[in-house]
Asks: 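Let me begin by handing over the structure; questions about it come next.
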Amino acid sequence: MMRIDVLTLFPKMIEGPLGESIIGKAVEKELLEINVHDFRQYSDNKHKQVDDYPYGGGAGMLLKVQPIHDNLQVIEAETANQKKRVILLDPAGKPFDQKMAEEFSQEEQLIFICGHYEGYDERIRSLVTDEVSLGDYVLTGGELGAMVMIDATVRLLPDVLGNQTSAKTDSHSTGLLEHPQYTRPAEFEGMGVPEVLMNGNHRLIEEWQLKESLRRTYLRRPDMLEKLELTPEMMKFLAEIKQEEQ
């Protein structure tokens, strides 16, 4: 069972959403343990202050190292024998992607540190294994980013999804965007389902799905194709797509 710890100043932002849907069910089935920590409770300041002005001046306040350090020490005492990653949510960190979610899903324990205010005391970085960003923009805090990363990671754990092949064929997991999909009715306001999907020929269906995954990636995310090692079949389909899309 994976254990996830989240250090935050706003526990309710984490506890509510992560108790719902797939993640909530994973906790119920004891596939996952989630612990949310209010690191304000670890401040040695009588007013429970967790931030202070930066040395040398500057705008805004910085999170202090002491409360986060002490909170991590308590978690370490509880899980000393577990292999863990300590993840600092930071706009300057490495961009989060599907490959990173797959790496995180192999760990026994993940610890997310959610920042607020202007930034961190630099010494906090010495306490972590990873500095990760959700993207090239700035949020008011790390909670939303942590929840996105947790969701992307937890769905890859064994038995969390009802259909175990779903995660393997998702967009980005295969290196391609996912092909178009359809369900009933077969006809809706003049829009139909491609005939190949209804003829029962699995070989032709698989070929169509691969070609349409390539088409969608070529049209929407051509940068992904540059990183992909194409098979002869994929190269053939891609040449056809380029002709068809002219």
Side-chain angles (χ1 to χ4, degrees), residues 2 4 22-23 83 85-107 110 112-115 125 128-139 142-158 160-161 163-183 191-197 199 201-246:
M2 173 182 276
I4 294 178
I22 297 295
I23 297 179
K83 181 184 176 185
R85 300 272 284 269
V86 183
I87 301 149
L88 185 70
L89 277 294
D90 186 0
K94 183 178 180 182
F96 182 73
D97 58 15
Q98 187 67 22
K99 183 175 183 236
M100 194 179 295
E102 291 167 0
E103 289 177 8
F104 285 171
S105 71
Q106 302 301 311
E107 301 293 340
L110 300 174
F112 292 88
I113 301 174
C114 303
R125 300 183 193 279
V128 309
T129 59
D130 301 86
E131 298 176 30
V132 185
S133 167
L134 194 60
D136 293 337
Y137 49 88
V138 180
L139 300 172
E143 286 78 12
L144 294 175
M147 286 189 286
V148 168
M149 294 178 197
I150 290 168
D151 186 279
T153 299
V154 168
R155 66 191 304 279
L156 299 174
L157 298 178
V160 167
L161 294 181
N163 182 350
Q164 289 303 301
T165 63
S166 294
K168 295 177 183 177
T169 58
D170 281 337
S171 294
H172 301 288
S173 290
T174 62
L176 295 171
L177 297 182
E178 194 169 25
H179 55 78
Q181 299 192 75
Y182 302 84
T183 187
M191 297 179 288
V193 176
E195 185 65 33
V196 65
L197 298 179
N199 65 16
N201 187 319
H202 294 293
R203 182 182 64 80
L204 291 179
I205 290 172
E206 288 176 2
E207 288 179 354
W208 180 89
Q209 290 173 337
L210 175 59
K211 184 173 180 179
E212 293 310 309
S213 285
L214 280 163
R215 186 189 307 275
R216 180 165 284 182
T217 307
Y218 170 71
L219 294 175
R220 300 185 184 183
R221 290 291 306 276
D223 57 296
M224 291 174 63
L225 293 176
E226 297 173 6
K227 306 171 187 175
L228 194 64
E229 186 173 342
L230 299 176
T231 65
E233 182 182 37
M234 294 166 76
M235 293 174 68
K236 171 180 169 290
F237 286 152
L238 191 56
E240 293 174 3
I241 290 165
K242 290 177 178 179
Q243 285 287 334
E244 293 164 4
E245 296 296 334
Q246 283 184 350

Asks: Are the side chains of Trp208 and Pro194 in contact, using a 4.5 Å heavy-atom criterion?
Replies: yes
Asks: First locate atom CG of Leu197, then atom OG1 of Thr183, and finally report the distance between them rounded to the nearest 0.5 Å.
Replies: 11.5 Å
Asks: Can you tell me how far the CG atom of Asp97 sits from the CE atom of Met149, to the nearest 0.5 Å?
Replies: 10.0 Å
Asks: Give the C-alpha distance, both sets of side-chain angles, the deciding distance and a yes or no for salt bridge (charged side-chain N to carboxylate O under 4.0 Å, His left out) between Arg203 and Glu207.
Replies: CA-CA 6 Å; Arg203 182 182 64 80; Glu207 288 179 354; 2.9 Å; yes
Asks: A quick test of your reading: do over 12 heavy atoms of other residues, nucleotides or ligands sit less than 6.0 Å from CG of Asp136?
Replies: no
Asks: Does any non-hydrogen side-chain atom of Thr153 lie less than 4.5 Å from one of Glu103?
Replies: no
Asks: As a test of understanding, state which of Glu233, Glu245, Glu206, Glu244 forms a salt bridge (charged side-chain N to carboxylate O under 4.0 Å, His left out) with Lys211.
Replies: Glu244
Asks: To the nearest 0.5 Å, how far apart are CG in Leu214 and CG in Leu219?
Replies: 10.5 Å
Asks: Any chance the side chains of Glu178 and Gln181 put a donor and an acceptor closer than 3.5 Å?
Replies: yes
Asks: Below 4.5 Å, heavy atoms only, C-beta onward: do Arg85 and Val132 meet side chain to side chain?
Replies: no
Asks: Any Lys/Arg nitrogen of Glu102 or Lys99 sitting under 4.0 Å from an Asp/Glu carboxylate oxygen of the other?
Replies: no
Asks: Which label fits Phe112 and Phe104: parallel for a plane angle under 30°, tilted from 30 to 60°, or perpendicular past 60°?
Replies: perpendicular
Asks: Show the numbers, then the answer: is there a side-chain contact (heavy atoms from CB on, under 4.5 Å) between Asp151 and Met147?
Replies: CA-CA 6 Å; Asp151 186 279; Met147 286 189 286; over 6 Å; no
Asks: How close do Arg155 and Val160 get, counting heavy atoms only, and between which atoms?
Replies: CA-CG1, 4.0 Å
Asks: With sequence neighbours left out, write down each residue that passes side-chain contact (heavy atoms from CB on, under 4.5 Å) with Arg216, or none if nothing qualifies.
Replies: Leu177, Pro180, Arg220
Asks: As an exercise, state the distance from NE2 of His179 to CD of Gln209, rounded to the nearest 0.5 Å.
Replies: 3.5 Å
Asks: Using a strict threshold of under 4.0 Å (side-chain N to carboxylate O), is an ion pair present between Glu240 and Arg215?
Replies: no
Asks: How far apart are the C-alpha atoms of Leu156 and Gln98, what are their side-chain angles, what is the distance that settles it, and do they pass the side-chain contact (heavy atoms from CB on, under 4.5 Å) test?
Replies: CA-CA 10 Å; Leu156 299 174; Gln98 187 67 22; 3.9 Å; yes
Asks: Salt-bridged, Glu131 to Lys94, with N to O below 4.0 Å?
Replies: no
Asks: Does the side chain of Ile113 come within less than 4.5 Å of Ile87's, by heavy atoms?
Replies: no
Asks: Has Asp90 got a side-chain atom pairing as donor or acceptor with Gly93's backbone, closer than 3.5 angstrom?
Replies: no
Asks: Please round to the nearest 0.5 Å and tell me the distance separating atom CE of Met224 and atom OH of Tyr218.
Replies: 15.5 Å
Asks: Kindly give the heavy-atom pair with the smallest separation between Leu228 and Met234, and that separation in Å.
Replies: CD2-CE, 3.5 Å
Asks: Indicate yes or no: at least one non-hydrogen side-chain atom of Leu176 is less than 4.5 angstrom from one of Leu210.
Replies: yes
Asks: Side chains of Asp130 and Val86, heavy atoms from C-beta outward: is any pair under 4.5 Å?
Replies: no
Asks: Does a side-chain heavy-atom distance below 4.5 Å link Ile4 with Met2?
Replies: yes
Asks: Quick one, Leu230 and Leu238 - any side-chain contact, counting heavy atoms below 4.5 Å?
Replies: yes
